[in-house]
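Have a look at the structure below before the remarks.
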Amino acid sequence: MANPSRQAVNFAAPRGFATAFKADCKETFFPDDPFHEMKHEKPLNKLKKTIQYFIPLFEWLPNYNLRLFRYDLLAGITITSLAIPQGISYAKLAKIPPIYGLYSSFIPPFVYAIFGSSKHLAVGTVAACSLLLSETVGAKASPQDDPTLLGILVDFLSHSTITGFMGGTAIIICLQQLKGIFGLVHFTTHTDVVSVLGAVFRRRNEWRWESAVVGIIFLAFLQFTRYLRQKRPKLFWVSAIAPMVVVVVGCLFAFFAHAEKHGIQIVGELKKGLNPPSIQYLNFDPQYLPVTVRAGLITGLIAMAEGIAIGRSFAIMKSEQTDGNKEMIAFGFMNIIGSFTSCYLTTGPFSKTAVNFNAGCRTAMSNVVMGFCMMLTLLFLAPLFRYTPLVALSAIIMSAMLGLINYDEMIHLFKVDKFDFVICMAAFLGVSFISMDVGLMLSVGLALLRALLYVARPAACKLGKIPNSSLYRDAEQYPGSTPIQGALVLQLGSPIYFANSTYIRERVLRYIKEEQGVSDSKTDIIEHLLLDLSGVSSIDMTGIETFLELRRILDSKGIKLSIVNPRIEVLEKMTLAKFTDAIGKESFYLSIEDAVQNCRFSLHSSKTTMEESLNDQNVV
């Protein structure tokens with residue numbers, strides 16, 4: 001006999017494949033449901049809003065005015081002063097001609113202004129990806145001999161991996177700048193700490209004290225401006241223009257002091273002119289393609305994860321949002337188009353974005369201003385930077401990298417999550433002492449291992465009732481909760497499929513064994529097992545077969561299986577697989593309270609029937 005007060009579960013007909021597939025795609029690619037507001041719009045308005053969604057420029061440009069432009073103009077000029085020295089420096093780090101660093105700050109900013117969703121992100125090259133390109137591609141093809149062999153390089157790394165990777169990268173980049181600081185001519189091609197330090201000390205005969213003195217002076221100046229920015233945030237512009245000051249002063253010093261005669265190396269010739277097309281240099285030679293694909297995948301993931309994270313962090317400060325899908329499209333387009341115009345990998349550097357934010361930018365127009373400023377630089381000023389001392393670029397890079405070693409975050413990871421700390425250290429130590437790609441793969445491998453463990457060994461818990469309420473919570477977390485007489489309530493909290501179904505079955509049976517072993521009293525025998533599936537988002541056929549097998553085992557023990565609040569995807573699969581018919585629709589409940597009340601009703605009815613049977617026997 002069923003409990004008459006229970007709420008009925010909705011056993012609607014399963015959705016068609018097209019409907020379910022459309023819903024899954026929508027949740028996967030458009031979780032914010034941007035097209036919901038367009039349902040009742042006229043066709044022209046719907047088309048307009050669709051274009052605005054995919055091309056954000058059309059969303060903010062119609063409302064743009066001179067008041068906003070004043071802020072963006074100042075911000076754009078400010079970040080240009082940082083883009084020039086950084087572009088030259090990071091091109092040097094990537095071991096490609098310095099002019100390519102300037103090219104990479106010209107075309108990509110225009111592309112990002114069209115497709116990007118962040119108001120504050122400033123586009124440019126980054127040190128980590130520059131060194132990674134040098135290590136991966138440079139090992140197969142020398143950019144100095146044939147730079148055209150670099151080819152095309154076009155939210156998936158964990159926070160721990162990025163923290164460790166950036167810290168390890170900062171260490172090896174700083175050490176590599178010792179070549180420029182000491183004015184070394186010969187150096188190692190390896191990037192690990194041991195090889196770099198070994199190369200520095202083996203070449204003591206090449207050390208030039210003049211270069212070291214100039215480098216220390218520049219580095220001290222740059223660090224002082226960073227310190228000044230931290231103490232007085234309103235003076236952020238001093239730190240922003242400091243690298244440009246170093247470059248200008250370095251050029252003047254090298255020109256008038258004839259620095260080359262004293263062992264201080266300079267950048268050399270920089271041709272003026274806009275980016276030449278490079279699409280004709282695409283190279284699909286099997287000799288180079290695997291290296292290019294490898295470099296593109298690794299640097300692309302790092303650049304995308306870093307750029308999206310930085311854009312979001314600054315948007316949060318203004319209570320705004322960025323769209324991850326739009327950012328991926330913007331990064332993809334600006335790197336594809338950039339690779340056709342002699343650029344190399346670009347993303348959103350933290351230092352440049354911070355300067356852009358503090359300079360008061362209002363829209364992505366600041367990137368457009370930077371693009372125009374870089375165009376003027378390439379057309380008229382590029383040759384003037386030929387006298388830039390390499391030691392000045394080394395000092396700029398070292399100063400930027402010292403801020404990327406986040407010791408506080410590593411300590412925080414150790415206190416909060418030891419496994420996250422291990423993932424972080426795998427990247428940090430792997431990058432520092434082996435190589436960048438190996439360190440990254442070690443860290444990602446550990447992160448994937450943990451994810452697989454979470455999936456293969458999903459969380460399950462026994463629920464008890466909170467006194468004086470209708471709430472059921474984890475009995476271990478809430479020791480004061482009361483067990484349900486004659487019933488065991490378990491909550492499953494992950495998708496159920498072939499990789500974890502056996503574990504779930506064994507874990508459920510162990511719960512029953514443990515529960516029945518607590519007391520030998522006949523009144524405490526488990527007669528009902530209630531499985532709360534509200535946290536189970538999906539199930540496959542192996543999972544359904546596991547439930548059928550579990551039901552057979554429970555039937556042999558005299559225990560009735562009931563399902564509580566399955567989600568629509570799970571209920572549809574169970575209906576199509578005839579599982580609902582196998583255990584009966586009356587075994588499905590809308591809430592734990594409904595299921596518990598029905599169990600009590602069933603136990604009471606069973607007890608009454610048993611007592612009547614005993615009375616009849618006594619009368620006889």
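Just so we're clear, the structure is a prediction, and the values are computed from it rather than from any experiment.
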Report summary line: Hits for salt bridge (Lys or Arg N to Asp or Glu O under 4.0 Å) against Glu210, two or more places apart or cross-chain, chain-then-number order -> Arg208
Report task. Check the pair Ser117, Glu327 against side-chain hydrogen bond (donor to acceptor under 3.5 Å, both in side chains), reporting the backbone distance first and the verdict last. Result -> CA-CA 6 Å; Ser117 65; Glu327 293 299 281; 2.9 Å; yes
Requested in this report: First locate atom CZ of Phe201, then atom CZ of Phe182, and finally report the distance between them rounded to the nearest 0.5 Å.
Outcome: 7.0 Å
Query raised in the report: Taking only residues two or more places apart in sequence or in another chain, which ones pass ring pair (Phe, Tyr, Trp, His ring centres under 6.0 Å) with Phe428?
Result: none
Query raised in the report: With a 4.5 Å heavy-atom cut-off, do Leu393 and Val267 have their side chains touching?
Result: yes
Query - Any side-chain heavy-atom pair of Asn406 and Met166 under 4.5 Å - result: no
Query - Test item: Ser443 side-chain N/O and Ile423 main-chain N/O as donor-acceptor pair under 3.5 Å - result: yes
Query raised in the report: Is there a donor-acceptor contact under 3.5 Å from the side chain of Thr225 to the main chain of Leu222?
Result: yes
Report summary line: Closest heavy-atom pair, Val246 versus Ala392, reported as atoms and distance to 0.1 Å, is CG1-CB, 3.7 Å
**Report entry** Side chain Ser278, main chain Phe340, donor-acceptor under 3.5 Å
**Finding:** yes
Query raised in the report: Does atom CZ of Phe224 have more than 12 heavy-atom neighbours from other groups under 6.0 Å away?
Result: no
Query raised in the report: CG/Asp72 to CD1/Ile79 distance, rounded to the nearest 0.5 angstrom?
Result: 9.5 Å
Requested in this report: Taking the six-membered ring for Trp and the single ring otherwise, decide whether the centroids of Phe110 and Phe372 are under 6.0 Å apart.
Outcome: yes
Query raised in the report: How long is the span from the OG1 atom in Thr169 to the CD1 atom in Ile162, to the nearest 0.5 Å?
Result: 11.5 Å
Query raised in the report: Going by heavy atoms in the side chains, are Glu59 and Ile51 under 4.5 Å from each other?
Result: no
Query raised in the report: Under 4.5 Å between any side-chain heavy atoms of Phe385 and Thr377, yes or no?
Result: yes
Query raised in the report: Sequence neighbours excluded, which residues qualify as side chain to side chain donor-acceptor pair (under 3.5 Å) partners of Gln177?
Result: Lys92, Ser394
Query raised in the report: Any side-chain heavy atom of Leu175 within less than 4.5 Å of one from Leu178?
Result: yes
Report summary line: Closest non-hydrogen atoms of Val391 and Gly215, given as atom of the first, atom of the second and distance, are CG2-CA, 3.3 Å
Query raised in the report: Does the Ser399 side chain pair with the main chain of Ala395, one donor and one acceptor, at a distance under 3.5 Å?
Result: no
Query raised in the report: Taking it one step at a time, do Phe331 and Tyr112 satisfy side-chain contact (heavy atoms from CB on, under 4.5 Å)?
Result: CA-CA 7 Å; Phe331 290 156; Tyr112 183 82; 3.9 Å; yes
Query raised in the report: Are more than 12 heavy atoms from other residues, nucleotides or ligands located less than 6.0 Å from atom OH of Tyr64?
Result: yes
Query raised in the report: Can you tell me if CZ on Phe221 sees more than 12 non-hydrogen neighbours from other groups inside 6.0 Å?
Result: yes
Query raised in the report: Are the side chain of Lys352 and the backbone of Val123 linked by a donor-acceptor contact shorter than 3.5 Å?
Result: yes
Report summary line: Rounding to 0.5 Å, atoms CG (Leu184) and CZ (Arg203) come to a distance of 8.5 Å
Query - Sidechain-backbone polar pair: Ser105 side chain, Leu102 backbone, donor-acceptor under 3.5 Å - result: no
Query raised in the report: Would you say the side-chain atoms of Ser130 and Tyr344 include a donor-acceptor pair closer than 3.5 Å?
Result: yes
Query - Neighbour count above 12 (heavy atom, 6.0 Å) for Trp60 CH2 - result: yes
Query raised in the report: After noting the C-alpha distance and the side-chain angles of Val196 and Phe187, does the key distance pass the side-chain contact (heavy atoms from CB on, under 4.5 Å) rule?
Result: CA-CA 8 Å; Val196 172; Phe187 205 64; 3.7 Å; yes
Report task. Flag the pair Met410 / Phe414 as yes when at least one side-chain heavy-atom distance between them is below 4.5 Å, and no otherwise. Result -> no
Query - Flag side-chain contact, heavy atom, 4.5 Å: Phe314 against Thr322 - result: no
Query raised in the report: Run the side-chain contact (heavy atoms from CB on, under 4.5 Å) check on Ile99 and Lys271 step by step: do they pass?
Result: CA-CA 7 Å; Ile99 194 66; Lys271 296 180 180 179; 5.8 Å; no
Query raised in the report: Is the backbone of Ile181 close enough, under 3.5 Å, to the side chain of Ser211 for a donor and an acceptor to pair up by distance?
Result: yes
**Report entry** Where Cys361 and Ala75 come nearest, the two heavy atoms and their spacing
**Finding:** CB-CB, 3.7 Å
Query raised in the report: Do Ser342 side-chain atoms and Pro276 backbone N/O form a donor-acceptor pair below 3.5 Å?
Result: yes
Report task. Sequence neighbours left out, what pairs pass salt bridge (charged side-chain N to carboxylate O under 4.0 Å, His left out) with at least one residue falling in residues 113-127? Result -> Lys119-Glu320
**Report entry** Glu206: partners by side chain to side chain donor-acceptor pair (under 3.5 Å), with sequence neighbours left out
**Finding:** His186
Report summary line: Heavy atoms of Gly307 and Thr347 approach each other most closely as CA-OG1, 3.5 Å
Query raised in the report: For residues 411-433, which residue pairs qualify under side chain to side chain donor-acceptor pair (under 3.5 Å), counting only residues two or more places apart or in two chains?
Result: Ser160-Asp420, Asp417-Arg450, Asp420-Arg450
Query raised in the report: To the nearest 0.5 Å, how far apart are OG in Ser195 and CD1 in Ile434?
Result: 11.5 Å
Query raised in the report: Which atom names give the shortest non-hydrogen contact between Thr80 and Met374, and what distance separates them?
Result: CG2-SD, 4.0 Å
Query raised in the report: Within the distance-only criterion (no hydrogens, no angle test), does the side chain of Ser435 pair as donor or acceptor with the backbone N or O of Asp192 below 3.5 angstrom?
Result: no
Query raised in the report: Which value, rounded to the nearest 0.5 Å, describes the distance between Asn358 atom CG and Lys234 atom NZ?
Result: 12.5 Å
Query - Audit row: Leu440, Val431, side-chain contact (heavy atoms from CB on, under 4.5 Å) steps and yes/no - result: CA-CA 7 Å; Leu440 187 63; Val431 169; 5.5 Å; no
Query - Side-chain heavy-atom pair Ile397, Tyr90 within 4.5 angstrom cut-off - result: yes
Query raised in the report: Is there a donor-acceptor pair closer than 3.5 Å between any side-chain N or O of Asn367 and the backbone N or O of Ala113?
Result: no
Query - Where Ile88 and Pro98 come nearest, the two heavy atoms and their spacing - result: CG2-CB, 3.9 Å
Query raised in the report: Any idea how His120 and Phe357 line up, ring-wise: parallel (<30°), tilted (30 to 60°), or perpendicular (>60°)?
Result: perpendicular
